[in-house]
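First the structure, in the form of structure tokens, and then the observations on it.
Computed over heavy atoms, backbone and side chain alike; hydrogens, waters and symmetry mates excluded. Every chain is numbered from 1, with letters handed out A, B, ... down the list of sequences.
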Amino acid sequence: MNIAVFVKASLNLSMIYIDSDEKINISRTPIVISEYDKNAIEEGVRLKEKYGGKLVVFSALTWGPIDKKSQDFERMLRECLAMGADEAHALIDENLINISSYESSIALAKLVNKVGNFNLFITGEGSMDTSSYQFASRLASHLNLPVITFVRHLEIEEGKIIAERDLEDEIQVVECNMPCIVSVTGEINFPRTVSVKQILQAKSKPILRYNIEEQIPRIEVDFEIKQISIKRKNVIFEGSIEEVARMLVGALIKEGILK
Amino acid sequence: MKTVVFSNEYKYMKDAIGLASSISNEIIGISYFETKEKPEGLDKLYLAEKRLNNDSWVSIVYKICEVEKPNYIVTTYYKDNADIIAQVCGKLQIPMFTNVINLREDSNKFVVTRPILGGRALFNIKVDKTLCLAFAVQHNRFNFEGLSKVPKIIEIKEEVETRIQLKQRKKKPKSKIKIEDAEMVVGVGRGFKNKDDLKLAFELAELLNAQVGCSRPVSADYGWLPNDAWLGVSSKSIRPKLYIAIGISGAPQHIAGIQESGLIVAINKDKNAPIFKYADYGVVADLYQFLPVLIKELKNMINSSRMYRGN
Ligand SMILES: Cc1cc2nc3c(=O)[nH]c(=O)nc-3n(C[C@H](O)[C@H](O)[C@H](O)COP(=O)(O)OP(=O)(O)OC[C@H]3O[C@@H](n4cnc5c(N)ncnc54)[C@H](O)[C@@H]3O)c2cc1C
């Protein structure tokens with residue numbers, strides 16, 4: 001069984017660089033694998049261990065400038081290989097910087113078709129930076145395959161995927177023939193952590209880099225990312241527990257919350 | 001301008017109609033409802049006869065869009081709605097903006113605002129409004145004034161084949177009151193050692209007339225509270241008058257769901273917990289020692305005000 005996993009190099013949420021005007025400085029913010037895409041890789045590795053076959057990672061670098069991001073990007077791909085993927089195929093192209101899943105799904109669908117045939121396509125439910133929650137669905141349209149989103153448990157029986165979808169109000173159990181696409185939630189598994197040594201050992205596994213060959217449609221947008229900051233009083237009450245409790249109740253009365 | 005609004009269940013359609021009515025004069029709905037709801041605010045409604053799965057909806061919505069040729073497509077941001085419309089947008093090769101909280105016009109552009117980076121930042125995107133665009137709007141952001149238009153109903157009768165079979169649906173347990181509507185919310189986190197201890201939080205909530213919400217692990221990992229109590233970027237966003245975070249560290253993904261609260265109180269035993277940066281009032285204490293004292297203090301206050309009022 002051949003499995004393709006899609007991972008995004010997301011802005012690192014714990015290292016966001018903020019300029020003095022509250023704007024996020026993308027150029028100075030490092031990138032890492034997006035949280036739920038780790039679950040996607042982990043699920044792929046588990047299925048590969050059970051059913052054999054090849055596990056291939058796909059990614060497109062979408063944050064720039066390329067020279068400042070390529071080292072982190074490379075490291076992310078190595079991490080995926082160290083977790084158990086066999087090879088990585090990556091799009092690195094000036095034309096893909098600052099794109100959304102509208103464009104990346106088209107570019108990656110084209111790349112997948114070039115690389116080979118897969119029985120299953122896995123990705124995270126959404127990326128942790130731009131969280132547009134559409135990549136899997138769009139990919140399904142471009143590859144003309146069925147998609148099962150928000151999967152928190154997955155089984156394979158006789159060439160069929162049986163998946164539990166985690167929705168707002170209900171859990172659904174659905175069934176679908178392969179090939180198909182699934183997006184997984186953070187609850188599906190615990191991604192293994194890899195050591196620096198394992199990452200180095202994965203050096204022998206291939207990473208193939210591509211430019212885009214033909215232009216993909218691209219939507220022109222201007223954008224700005226600004227930190228949300230709401231001023232808070234930041235008062236810490238000091239004293240014995242009883243005193244502090246009284247101060248808190250007093251403050252709530254003064255604020256008009258308690259009457 | 002013509003907009004197609006979609007929701008796989010009619011009860012979630014209002015928010016989408018809210019945005020659509022501000023950017024277009026003709027609104028075509030596509031939905032399904034079980035009960036005798038009275039659709040309004042639409043010129044035309046394509047209505048499914050039965051519940052459909054996402055795969056079938058995609059073919060139907062796509063076909064209707066080919067006939068109607070809308071300028072815009074709007075849906076309300078729920079997992080299934082976003083999945084269906086994203087697939088339709090893939091086929092139509094148009095962009096979709098997810099989780100939109102604001103949209104304004106600026107000459108020939110739309111300025112679309114949506115939270116990103118785990119809710120820490122706002123993404124303001126300027127895009128040519130003459131393009132065909134799709135929006136998935138956040139619940140409770142776009143007001144819907146009871147427009148009196150009564151739509152012409154067109155039943156969706158055709159059978160569409162589906163590649164995905166629905167085998168089972170299990171309803172998730174639900175809290176009685178929607179946490180988004182609560183004026184006071186007590187939030188519980190991993191600082192609580194076990195489910196039974198949550199009774200401290202419930203007792204406090206009762207005194208304050210508050211609802212109890214929680215961080216992701218308390219619901220998703222431990223299952224101590226239903227999913228609809230889970231606050232944060234991957235679940236509910238709330239804007240109550242008062243939010244009290246107890247034993248919650250203040251991860252950005254949690255803050256995203258509560259940062260618009262009127263007043264924020266944090267109770268945490270670690271004085272360096274990030275939650276204090278987002279709080280108006282902070283108490284550095286072990287919740288197991290502090291909550292019983294706070295509860296007693298509140299009871300005293302309530303009793304004395306009763307005495308004062310002569311009840
Ligand atoms: C993509 C993504 C999406 C996410 N979405 C969400 C989301 O929507 N909502 C969400 O909440 N999280 C979300 N998370 C998880 C988030 O990152 C945190 O892991 C989570 O919020 C932590 O929950 P917590 O504060 O309850 O637990 P912890 O971080 O473990 O904090 C527990 C706190 O309790 C304090 N404490 C311990 N014992 C006591 C005591 N006896 N008395 C007082 N204080 C005590 C500790 O000092 C600590 O600060 C998401 C994560 C990712 C990666």
Side-chain angles (χ1 to χ4, degrees), chain A residues 11 13 16 24 100 102 105 128-134 137-142 146-150 162 167-177 180 186-187 217 219-228 230 232-237 241-242 244-246 248-249 251-252 255 257-258, chain B residues 55 78-80 82-83 86-87 89-91 93 95-96 98-99 115-128 131 163-172 174 220 227 233 241-242 252 259-260 263-265 276-285 289-290 293-294 297-298 301:
Chain A
L11 295 175
L13 295 192
I16 300 285
I24 309 292
S100 68
Y102 164 65
S105 58
M128 65 180 179
D129 53 1
T130 51
S131 310
S132 84
Y133 290 84
Q134 347 175 0
S137 311
R138 285 184 176 270
L139 191 70
S141 295
H142 303 318
V147 58
I148 313 174
T149 46
F150 300 101
I162 298 162
L167 301 176
E168 287 90 353
D169 299 334
E170 65 184 33
I171 301 285
Q172 290 185 349
V173 182
V174 300
E175 216 177 82
C176 176
N177 284 324
C180 71
E187 282 74 38
I219 183 122
E220 283 314 317
V221 295
D222 284 333
F223 70 90
E224 165 195 275
I225 307 178
K226 269 197 134 160
Q227 186 187 22
I228 298 178
I230 297 174
R232 293 289 171 187
K233 297 192 180 77
N234 300 125
V235 175
I236 303 275
F237 297 120
I241 287 193
E242 287 74 15
V244 167
R246 234 167 284 137
L248 177 57
V249 171
L252 294 181
E255 297 277 355
I257 301 268
L258 290 180
Chain B
D55 204 39
Y78 284 97
K79 289 175 177 175
D80 273 344
D83 175 16
Q87 290 187 62
C89 289
K91 283 171 178 274
Q93 299 227 348
M96 170 167 108
T98 311
N99 203 13
I116 60 163
L117 304 183
R120 278 177 66 184
L122 291 178
F123 205 4
N124 293 313
I125 311 148
K126 258 193 190 175
V127 61
D128 183 352
L131 296 173
R163 298 167 292 183
I164 293 173
Q165 269 69 46
L166 177 62
K167 291 289 161 189
Q168 208 187 342
R169 294 172 69 192
K170 294 179 254 184
K171 279 266 162 253
K172 287 186 180 175
K174 266 186 160 312
N227 277 184
V233 64
K241 281 190 189 151
L242 171 69
Q259 64 194 352
E260 291 182 70
L263 197 76
I264 298 180
V265 174
F276 290 120
K277 284 193 309 220
Y278 304 97
D280 293 290
Y281 298 109
V283 174
V284 182
Q289 289 167 10
F290 183 70
V293 178
L294 178 63
E297 191 63 34
L298 281 169
M301 189 199 93

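For chain B, the nearby parts of Ile257(A) are the backbone and the side chain; heavy atoms of each come within less than 4.5 Å. Contacts between Ile225(A) and chain B at a heavy-atom distance below 4.5 Å involve backbone atoms as well as side-chain atoms. Only the side chain of Phe150(A) has a heavy atom closer than 4.5 Å to any heavy atom of chain B. Heavy atoms of Ala220(B) lying under 4.5 Å from chain A belong to its backbone as well as its side chain. Contacts between Leu131(B) and chain A at a heavy-atom distance below 4.5 Å involve the side chain alone, from C-beta outward. Both the backbone and the side chain of Pro146(A) come within contact range of chain B, with heavy atoms under 4.5 Å apart. Of the atoms belonging to Asn227(B), it is side-chain heavy atoms, and not backbone ones, that fall under 4.5 Å from chain A. Only the side chain of Tyr102(A) comes within less than 4.5 Å of a heavy atom in chain B; its backbone stays farther off. Heavy atoms closer than 4.5 Å to chain B are found in the side chain of Leu248(A), but not in its backbone. Proximity to chain A (any heavy atom under 4.5 Å) is shown, for Pro95(B), by both the backbone and the side chain. Proximity to chain B is limited to the side chain of Leu258(A), based on heavy atoms less than 4.5 angstrom apart. For Phe123(B), the parts lying near chain A are the backbone and the side chain together; criterion is any non-hydrogen pair under 4.5 Å. Contact annotation for Ile162(A): neither backbone nor side-chain heavy atoms come within less than 4.5 Å of a heavy atom of chain B. Only the side chain of Glu255(A) comes within contact range of chain B, judged by heavy atoms closer than 4.5 Å. Within the 4.5 angstrom heavy-atom criterion, no atom of Val233(B) approaches chain A.
Annotation: maximal heavy-atom pairing with chain A below 4.5 Å, among Leu298(B), Val127(B), Ile164(B), Asp55(B), occurs at Ile164(B). Of the listed residues Leu117(B), Leu294(B), Ile116(B), the one with more heavy-atom pairs under 4.5 angstrom with chain A than any other is Leu117(B).
Counting non-hydrogen atoms of neighbouring residues, nucleotides and ligands closer than 6.0 angstrom, the NZ atom of Lys79(B) exceeds 12 such neighbours.
Residues Glu168(A) and Asp80(B) form no side-chain contact, since every pair of their non-hydrogen atoms from C-beta on lies 4.5 Å or further apart.
A donor-acceptor contact shorter than 3.5 Å is absent between the side chain of Asn234(A) and the backbone of Tyr281(B).
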Please lay out, stage by stage, how Lys233(A) and Leu263(B) fare under the test side chain to side chain contact (heavy atoms under 4.5 Å, CB included). CA-CA 9 Å; Lys233(A) 297 192 180 77; Leu263(B) 197 76; 3.9 Å; yes
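Ser105(A) meets the side-chain contact (heavy atoms from CB on, under 4.5 Å) test with Phe135(A), Arg138(A), His142(A); sequence neighbours excluded. By the side-chain contact (heavy atoms from CB on, under 4.5 Å) test, Val284(B) pairs with Ile236(A), Lys271(B), Phe276(B), sequence neighbours left out.
Under 4.0 Å is where a charged nitrogen must lie from a carboxylate oxygen, and between Asp169(A) and Lys172(B) no such pair does.
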